[in-house]
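Note sheet for the following structure.
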Amino acid sequence: MRTPHVGVLALQGDVVEHVHALERAGADVIEVRTPADLERVDALVVPGGESTTVIRLLGRFGLTQPIVERVRGGMPFWGTCMGMIVAAHDVADLEQDTLDLIDVTVRRNAFGRQVDSAEVPLAIPALGDAPFPAVFIRAPWIERTGPAVETLAERDGHGVMVRQGNVLGTSFHPELTGDDRVHAYFLSMMADA
Ligand code: GLN
């Protein structure tokens, strides 16, 4: 049996930070740019970036359908910030295409503009007692969750970390801190899958 590989979508966004954090957490990582790359991975991380751009690029690179099929078939998926927007059921007040992998409505840039970006100590009981240093950069919040969705963390009364089975979403950027607990959590989802 070959070693499991974690893919990081590498079309746009903070790819290399995720690659390094996953490697620190013990994963073998493959950057995903094509459907052939996707076939080699057992899980997929979509980093932060710009969601309208990435949705367009996914279509152009022929990745939209293959990703949807793999994730609906049970492949673990984690979207951070832009990646969570891409995975959402829909986007509040915007006609924006999404992959509809997790039953949430997100609101883009909900915590304010670039100048309002912040590092916030966040309580995430699933990761233990120590607060997580959560970096928010023009971050979305979760405005609605479906019945199958578990909210793992909130900021100011809004969901910022959610999970529905094999799909994980975070509004913040765990790849930008030295704290790799969310990456380790995702690897444990992969081990369970
Ligand atoms: N504001 C971006 C968007 O809506 C997300 C920002 C990020 O990923 N850091 O696509």
Side-chain angles (χ1 to χ4, degrees), residues 6 8-9 12-27 43-54 76-94 96 98 101-146 148-165 167-190:
V6 182
V8 176
L9 185 74
Q12 191 259 345
D14 66 332
V15 175
V16 77
E17 291 83 353
H18 263 300
V19 172
H20 290 158
L22 286 163
E23 286 175 348
R24 284 197 303 269
L44 183 67
V45 177
V46 176
E50 168 55 43
S51 54
T52 40
T53 305
V54 165
F77 175 103
W78 173 21
T80 58
C81 201
M82 166 277 273
M84 183 175 77
I85 298 168
V86 166
H89 174 70
D90 61 339
V91 181
D93 297 335
L94 284 177
Q96 179 168 334
T98 61
L101 300 174
I102 181 166
D103 188 14
V104 300
T105 302
V106 296
R107 181 172 294 276
R108 287 178 65 186
N109 303 316
F111 287 107
R113 292 136 48 88
Q114 188 82 31
V115 287
D116 304 312
S117 296
E119 181 173 318
V120 177
L122 202 64
I124 309 180
L127 301 183
D129 288 339
F132 191 86
V135 176
F136 290 84
I137 304 169
R138 288 174 291 114
W141 70 39
I142 290 143
E143 197 133 311
R144 178 198 62 84
T145 54
V149 176
E150 183 186 1
T151 299
L152 297 170
E154 292 188 344
R155 176 184 172 195
D156 303 339
H158 294 279
V160 292
M161 180 170 178
V162 281
R163 177 173 176 182
Q164 179 179 346
V167 181
L168 180 68
T170 55
S171 298
F172 50 96
H173 291 272
E175 72 283 9
L176 298 181
T177 58
D179 192 326
D180 298 324
R181 280 181 292 161
V182 184
H183 289 82
Y185 179 86
F186 183 64
L187 296 184
S188 76
M189 282 171 59
M190 192 175 157

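Side-chain contact check for E175 versus H20: every heavy-atom pair is 4.5 Å or farther apart. Between L9 and V54, the closest side-chain pair of non-hydrogen atoms falls below 4.5 Å. Considering only heavy atoms from C-beta on, I137 stays 4.5 Å or farther from C81 through its side chain. Within the 4.5 Å cutoff, side-chain heavy atoms of L187 are placed close to those of L22. At least one side-chain heavy atom of F132 sits less than 4.5 Å from a side-chain heavy atom of T177. Counting heavy atoms from C-beta outward, E119 and F172 have side chains that stay 4.5 Å or more apart. Residues Y185 and P174 fail the side-chain proximity criterion, which asks for heavy atoms closer than 4.5 Å. Counting heavy atoms from C-beta on, the side chains of R144 and D103 come closer than 4.5 Å.
Between the side chain of D180 and the backbone N or O of A25 there is no donor-acceptor pair closer than 3.5 Å. No side-chain donor-acceptor contact under 3.5 Å links R181 to the backbone of H183. Put simply, the side chain of Q12 never gets that close to the backbone of G49: no donor and acceptor are under 3.5 Å apart. Side-chain atoms of S171 come within 3.5 Å of backbone N or O of P140 as a donor-acceptor pair.
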I'd like to know whether M161 forms a side-chain contact (heavy atoms from CB on, under 4.5 Å) with V182, so could you lay out the CA-CA distance, the side-chain angles of the two residues, the decisive distance to 0.1 Å, and finally the verdict. CA-CA 10 Å; M161 180 170 178; V182 184; 4.2 Å; yes
Could you go step by step and tell me if Q96 and T98 meet the side-chain hydrogen bond (donor to acceptor under 3.5 Å, both in side chains) rule? CA-CA 6 Å; Q96 179 168 334; T98 61; over 6 Å; no
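The two atoms that bring M189 and G165 nearest to each other are CE-O, 3.8 Å, heavy atoms only.
Interatomic distance, CG of D179 versus CZ of R24, reported as 9.5 Å (0.5 Å rounding). Within the model, atoms CG of L168 and CG of L101 stand 12.5 Å from one another, a figure rounded to the nearest 0.5 Å. Rounding to the nearest 0.5 Å gives a distance of 6.0 Å between NE2 of H173 and CG of L176.
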What side-chain donor-acceptor pairs closer than 3.5 Å can you find for residues 82-91, not counting sequence neighbours?
{"residue": "H89", "atom": "ND1", "partner": "D100", "partner atom": "OD1", "Å": "3.0"}
{"residue": "H89", "atom": "ND1", "partner": "D100", "partner atom": "OD2", "Å": "3.4"}
{"residue": "D90", "atom": "OD1", "partner": "T105", "partner atom": "OG1", "Å": "2.6"}

May I have the list of side-chain donor-acceptor pairs in residues 148-157 shorter than 3.5 Å, sequence neighbours left out?
none

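Under the 30°/60° scheme for interplanar angles, the aromatic rings of H18 and W78 are found to stand perpendicular.
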